[in-house]
Structures are given as C-alpha cells and as structure tokens.
Amino acid sequence: MPLFEVVHRTRYRYARPVTFGEHRALLRPRDSHDLRLHDIAITIEPKARLRWMHDVFSNSIALIEFLEPAAELSVESRLVMERFDDGSATEEMPRGEKIATYPFTYPEAIRRDLGGTERRHYDDPKGDVAAWARQFEAGAYDSAALLMSMMLAINSTFNYRERYEHGTQSPTETLALHSGTCRDFALFMMEAARSLGFAARFVTGYLYDPAADGEVSGFRGAGATHAWLQIFLPLSGWVEYDPTNGLVGGRNLIRVGVARDPSQAIPLAGTYGGTAADSLGMEVEVKVHALGQDRTDL
C-alpha cells in the first residue's frame, strides 16, 4: 500500500512577546487495521515541553507547556503513514449492511456503549433538520442506502465554501444557507442521522487530493485539516462518510481523531497572556503527498 506524508503547520503571530498557557494538540493518528503510522516529528517554537495523554475518546493528545514568551508560536507536525483501503467505495454500500433493514434499533448492550452519540445535541426548534432527514426514509430498503442518499444529497445540493473563522455552524443554519465548510457538512449530517436513530461522531483529519501529485482530481477541502463523520451500523461498525466529497471511507481520508462534537476535535487549542489587540492572526498550511509503496527503512 502507498505511504502518505502529511506536513501540518500552524503559526500564531502577536504584536509583542506574550506568555502562553498549556496547549492541546490533536495531531497523531491512532494505529489501526486501516492506518499504520510509520513516523512522527513535531517541531515547536518557542521552547516547550511536550507530554502525551489519551482523551476520553482514546485520541492521542499532545500537551504543550511553553517555557518562554514569544511574539510567534508555531507547531509543525510531519507524519508518514500507510493508509489501507477499507473496501468501501463511493458507489458501494458498506458490505454486510445490505441485509440490515431500516429502521432498526441498536441492541441495548450496544446502546449503552455508544456514549450518547445516538442522541441529538443541537436545537431544531421547528423540526427542519429532522424533516429534511425523513425524506430519505421513503423507499429505504436498508440503512446503508438511506445514508448514501443522504450524503450524496448534501454533496450535490449544498454549496461548499471555505470559512476561516473558529467554530462550526449550527445544523439549522447550514440547512437554511444550504452552504458551509466540511465541518459544517459533517455536523449537519451527524444531526440529521441522529434524528433517525443513528449513532454518529465527528472525525478530524486530512484529505489526500491526487492533484497534489499532479493528477486530475475534483476533491474539495484539501490544503487544510478536513472533517467528516462516522456512523455506527450494526453489521459494519463505524463507517466513514464524507459529504463534502461524496466519499464512503477509502484511503484518501486520513483519520486523526474522533469526537462526539466538533468542539472536542480542535487540532490545536490553548491560551495566551495578553490583550485581544496583541493577536495578529493565525496561519495554517497542510500538505499531503503520496510517497509510493511501503519502505522498510522507516
């Protein structure tokens, strides 16, 4: 399988040297049957101390303690990983789920372990998000077909637009605007699926766009961190859906972390000691390239 290199740089600039509180970074993918991490290197300025922990979702979190003030803060991670295709493709349903009828109910033993991911978390006062989701129930002969139709509807009828402000639109706002970023689309589909009883969680990571290596591609959302979602299907487990690009799983989606809500999956978060006027802005750059086949020297 091919290797991928991901270089992710985040830089904050300030009008004068400021002090920094502890920062939390979600940068290291978890090794799994579909992803193998070969190498990771993290470079931090100014001088800092780094330690690791697992959060409540078992994501690897880097805790950064800065040891001196500075007028610029930068964190760069370089990952080399192998991403295995999970067997899904845009035009296919997850295998095994074709025989699962809809609607279904999670067994109680599974429901207890889903940790509230099957419950809605955002207000829908007029029921608009739920009504939008129910249109896909008509003629849905199984769960995967319903979710595929829902994902492709977002992909084809909502307008993708980049937005660099912090935060995520509410699902009702995304529906009203019929536009948003990848994280807005992920959250909207999560809440729409939850309204039908599905367990869903947010995924943050990276998107490999073959255009970065000179190939033809129509992907949206490359060049920055990317967001999509997972839905738990009883016969298939957590299945990845990317409504921004109409993808179901596949090696182009490089997962770094999962969470119940987008606010819990921020790549880099922390505080600084100073005034709002001291902040001169943030710059983020993400590059994802294919390195070719597996190399034994890594």
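Predicted model only: the values in this text are computed from it and were never measured. The residues of the chain are indexed from 1 along the displayed sequence.
Annotation for R111 and T105: closest pair NH2-CG2, 3.8 Å, computed over non-hydrogen atoms.
Looking at heavy atoms from C-beta onward, E285 lies out of side-chain contact with E283 at the 4.5 angstrom threshold. The shortest distance between side-chain heavy atoms of Q230 and V258 falls below 4.5 Å. Residues T117 and W238 meet the side-chain proximity criterion, which asks for heavy atoms closer than 4.5 Å. Residues P243 and L229 meet the side-chain proximity criterion, which asks for heavy atoms closer than 4.5 Å. With contacts defined as side-chain heavy-atom distances shorter than 4.5 Å, the pair D261/Y122 qualifies.
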- request: In sequence, state the C-alpha distance, the side-chain angles, and the governing distance for F198 and Y241, and then conclude on ring pair (Phe, Tyr, Trp, His ring centres under 6.0 Å).
  value: CA-CA 13 Å; F198 293 98; Y241 292 87; 9.0 Å; no
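Shown here are the ring pair (Phe, Tyr, Trp, His ring centres under 6.0 Å) partners of H178, two or more places apart in sequence or in another chain: F158. For the ring pair (Phe, Tyr, Trp, His ring centres under 6.0 Å) test, residues two or more places apart in sequence or in another chain that qualify with Y206 are H8.
Atom CZ of R255 and atom CG of D34 lie 4.5 Å apart (nearest 0.5 Å).
V288 pairs with exactly one of D213, I254, L207, V7 by the side chain to side chain contact (heavy atoms under 4.5 Å, CB included) rule, that one being I254.
With 3.5 Å as the limit, one finds no donor-acceptor pair spanning the side chains of R220 and T244.
With salt bridges taken as basic N to acidic carboxylate O contacts below 4.0 Å, none links E72 and R13.
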